[in-house]
J.: 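Structure provided below as structure tokens; questions to follow.
The structure displayed is predicted, hence computed values, not measured ones. Hydrogens, waters and symmetry mates are skipped; everything else that's a heavy atom, side chains included, is used.
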Amino acid sequence: MKVIIKQKRLSNIINSAEKVFFENDFSKTSVSDICKIANCSRTTFYSHFESKENVYLAVVNKSFQQFLMYFSRVPTGGKNGRERILELAKTYLEFSKQHPKNYLLILDFYTILKKIENKSENASTHILIECPYFEEVKINAKLPFKVMIEEIKSGQWDQSISSKRPAKLIFLNVCAFLIGATNLDPYSDNSQAPDSIFV
């Protein structure tokens, strides 16, 4: 029973933090703001999260889990690699349209990973790296890449996708197109999302 109560409190804090981060931005949000929406004490908050940065990563992780759930709905049987990539691309755009603020969080996290990879991280990025949730989020962040690259390779094997270029290069082109398409979609709610939550 205690484990269930603890899990409910944890979920409540993450969901409340998500609401606060979406209404304000990361820099303007305090732990007190989150506790107020979650209707919990700071002691309860800190029993689950070491810092505001750590709960931010929990919210990002939730966004990645939602994104991956969309990907898991794409049928794999009876289609060639090219058809599956097109289905994944359609699913990507669907997610960005239906969850624009979660999508923005995901893009922000990819920006953070890029800074770390290029060794150009700032103080706030460095704080995130030290958070317990960071490695888990990083693993989840790489899963959509792996899924898409494997489908491209599968398409190259079944000859539905050109094998003249490396799968990773084709993947980067597909990603660039999808990110651009989310900014062009006149029906997308991305315009209502804040410019950036953290970065």
J.: Look up atom OG1 in Thr111 and atom CD1 in Ile116, then write down how far apart they are to the nearest 0.5 Å.
T.: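 Between Thr111 OG1 and Ile116 CD1, I get 11.0 Å after rounding to 0.5 Å.
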J.: Assess whether atom CD of Glu94 is packed by more than 12 heavy atoms of other residues, nucleotides or ligands within 6.0 Å.
T.: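 Yes, CD of Glu94 has more than 12 neighbouring heavy atoms, counting only those of other groups under 6.0 Å.
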J.: Give the C-alpha distance, both sets of side-chain angles, the deciding distance and a yes or no for side-chain contact (heavy atoms from CB on, under 4.5 Å) between Leu57 and Glu136.
T.: CA-CA 9 Å; Leu57 285 173; Glu136 183 181 341; over 6 Å; no
J.: Restricting to side-chain contact (heavy atoms from CB on, under 4.5 Å), what partner residues turn up for Lys114, sequence neighbours left out?
T.: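 By the side-chain contact (heavy atoms from CB on, under 4.5 Å) rule, Lys114 matches Glu117, Asn118.
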J.: Among Tyr92, Phe22, Phe109, Phe67, find the residue that satisfies the ring-ring contact (aromatic ring centres under 6.0 Å, His included) test when tested with Tyr103.
T.: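 With Tyr103 as partner, ring-ring contact (aromatic ring centres under 6.0 Å, His included) holds for just one option, Tyr92.
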J.: side-chain contact (heavy atoms from CB on, under 4.5 Å) with Glu135: which residues, sequence neighbours excluded?
T.: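 side-chain contact (heavy atoms from CB on, under 4.5 Å) check on Glu135 returns Lys138.
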J.: Using the side chain to side chain donor-acceptor pair (under 3.5 Å) criterion, which residues pair with Thr29? Sequence neighbours excluded.
T.: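 Expected list: none.
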J.: Where is the tightest heavy-atom contact between Gln156 and Ser162, given as atom of each residue plus distance?
T.: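 Nearest heavy atoms, Gln156 then Ser162: NE2-O, 3.0 Å.
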J.: Test of understanding: with side-chain contact (heavy atoms from CB on, under 4.5 Å), list the residues that count as partners of Ser72, not counting sequence neighbours.
T.: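 If we apply the side-chain contact (heavy atoms from CB on, under 4.5 Å) test to Ser72, skipping adjacent residues, the hits are Met69.
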J.: Please report the shortest heavy-atom distance between Asn12 and Ala38, naming the atom on each side.
T.: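 Nearest heavy atoms, Asn12 then Ala38: ND2-O, 2.7 Å.
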J.: Check this for me: Phe177, atom CZ, are more than 12 non-hydrogen atoms of other residues, nucleotides or ligands nearer than 6.0 Å?
T.: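 No, not enclosed.
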J.: Who are the ring pair (Phe, Tyr, Trp, His ring centres under 6.0 Å) partners of Tyr110, not counting sequence neighbours?
T.: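 Tyr110: ring pair (Phe, Tyr, Trp, His ring centres under 6.0 Å) contacts with Phe64, Phe145.
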J.: So which residues get pulled into Leu143's cluster when ILVMFWY side chains under 4.5 Å apart are joined, directly or through others?
T.: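 Members alongside Leu143: Leu68.
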J.: If the condition is side chain to side chain donor-acceptor pair (under 3.5 Å), which residues does Gln66 pass it with, not counting sequence neighbours?
T.: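 Scan of Gln66 (side chain to side chain donor-acceptor pair (under 3.5 Å), adjacent residues dropped) gives Asn102.
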J.: What distance separates Ile34 CD1 from Asn15 CG, expressed to the nearest 0.5 Å?
T.: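 With rounding to 0.5 Å, CD1 (Ile34) is 12.0 Å from CG (Asn15).
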J.: Do Ile149 and Ile139 belong together in a cluster built from hydrophobic side chains that touch within less than 4.5 Å?
T.: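 No.
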J.: Atom NE2 in His99, atom CD1 in Ile106: separation rounded to 0.5 Å?
T.: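 Reported to 0.5 Å precision, the distance equals 9.5 Å.
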J.: Could you report the tightest heavy-atom contact between Cys35 and Ser41, atom names first, then the distance?
T.: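 Smallest interatomic distance, heavy atoms only, reads SG-O, 3.8 Å.
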J.: Looking at Thr182 and Ile179, would you say the former's side chain and the latter's main chain have a donor-acceptor pair under 3.5 Å?
T.: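 The answer is yes, because a donor-acceptor pair under 3.5 Å joins these two groups.
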J.: Hey, does the side chain of Asn54 reach the backbone of Cys131 with a donor-acceptor pair shorter than 3.5 angstrom?
T.: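 No; judged by distance alone, with no hydrogens or angles, the pair does not exist.
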J.: Report the distance from atom OG of Ser11 to atom NZ of Lys62, rounding to the nearest 0.5 Å.
T.: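 Interatomic distance, Ser11 OG to Lys62 NZ, rounded to 0.5 Å: 8.0 Å.
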J.: Evaluate the side-chain proximity of Met148 to Phe71: yes if any heavy-atom separation is below 4.5 Å, no if none is.
T.: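 The answer is yes, as the side chains (C-beta and beyond) meet within the 4.5 Å cut-off.
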J.: Drop me the distance from Asn61's CG to Leu105's CG, to the nearest 0.5 angstrom.
T.: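 Answer rounded to 0.5 Å: 11.5 Å.
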J.: Who pairs with Ala58 by side-chain contact (heavy atoms from CB on, under 4.5 Å), at least two apart in sequence or on another chain?
T.: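 Ile14, Phe49, Tyr133.
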J.: What pairs of residues pass the salt bridge (charged side-chain N to carboxylate O under 4.0 Å, His left out) test when at least one of them lies in residues 69-84, not counting sequence neighbours?
T.: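 Output for this query lists Lys79-Glu87, Arg84-Glu151.
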J.: Between Thr44 and Ser47, does any side-chain donor sit less than 3.5 Å from a side-chain acceptor?
T.: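 No.
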J.: Working to the nearest 0.5 Å, report the span between CD1 of Ile152 and OG of Ser160.
T.: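 Result: 10.5 Å between the selected atoms.
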J.: Heavy-atom count around Gln65 CD within 6.0 Å, excluding the residue itself: above 12?
T.: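 Check passes, neighbour count above 12.
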J.: Return yes if some donor-acceptor pair links the side-chain N/O of Ser154 with the main-chain N/O of Glu150 below 3.5 Å, else return no.
T.: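 Such a contact is absent between Ser154 side chain and Glu150 backbone.
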J.: Same cluster or not: are Leu172 and Val174 linked, directly or through other Ile, Leu, Val, Met, Phe, Trp or Tyr residues, by side-chain heavy atoms under 4.5 angstrom apart?
T.: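 Result: yes, single cluster for both.
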J.: Please list, chain by chain and in numerical order, all residues satisfying side chain to side chain donor-acceptor pair (under 3.5 Å) with Ser32, sequence neighbours excluded.
T.: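 Checked Ser32 against side chain to side chain donor-acceptor pair (under 3.5 Å); matches are Arg42.
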J.: Measure the shortest side-chain to side-chain distance between Phe171 and Lys153 over non-hydrogen atoms and say whether it is less than 4.5 angstrom.
T.: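 In short, these two side chains do not touch, never coming nearer than 4.5 Å.
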J.: Can you list everything that forms a side chain to side chain donor-acceptor pair (under 3.5 Å) with Ser30? Sequence neighbours excluded, please.
T.: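 Here the qualifying residues are Asp33.
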J.: Kindly state each residue pair satisfying salt bridge (charged side-chain N to carboxylate O under 4.0 Å, His left out) with at least one member in residues 155-183, sequence neighbours excluded.
T.: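 Residue pairs with at least one partner in residues 155-183: there are none.
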J.: Are Leu86 and Ile170 co-members of a hydrophobic cluster defined by side-chain heavy atoms under 4.5 Å apart?
T.: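 They do not share one cluster, since no chain of ILVMFWY contacts under 4.5 Å joins Ile170 to Leu86.
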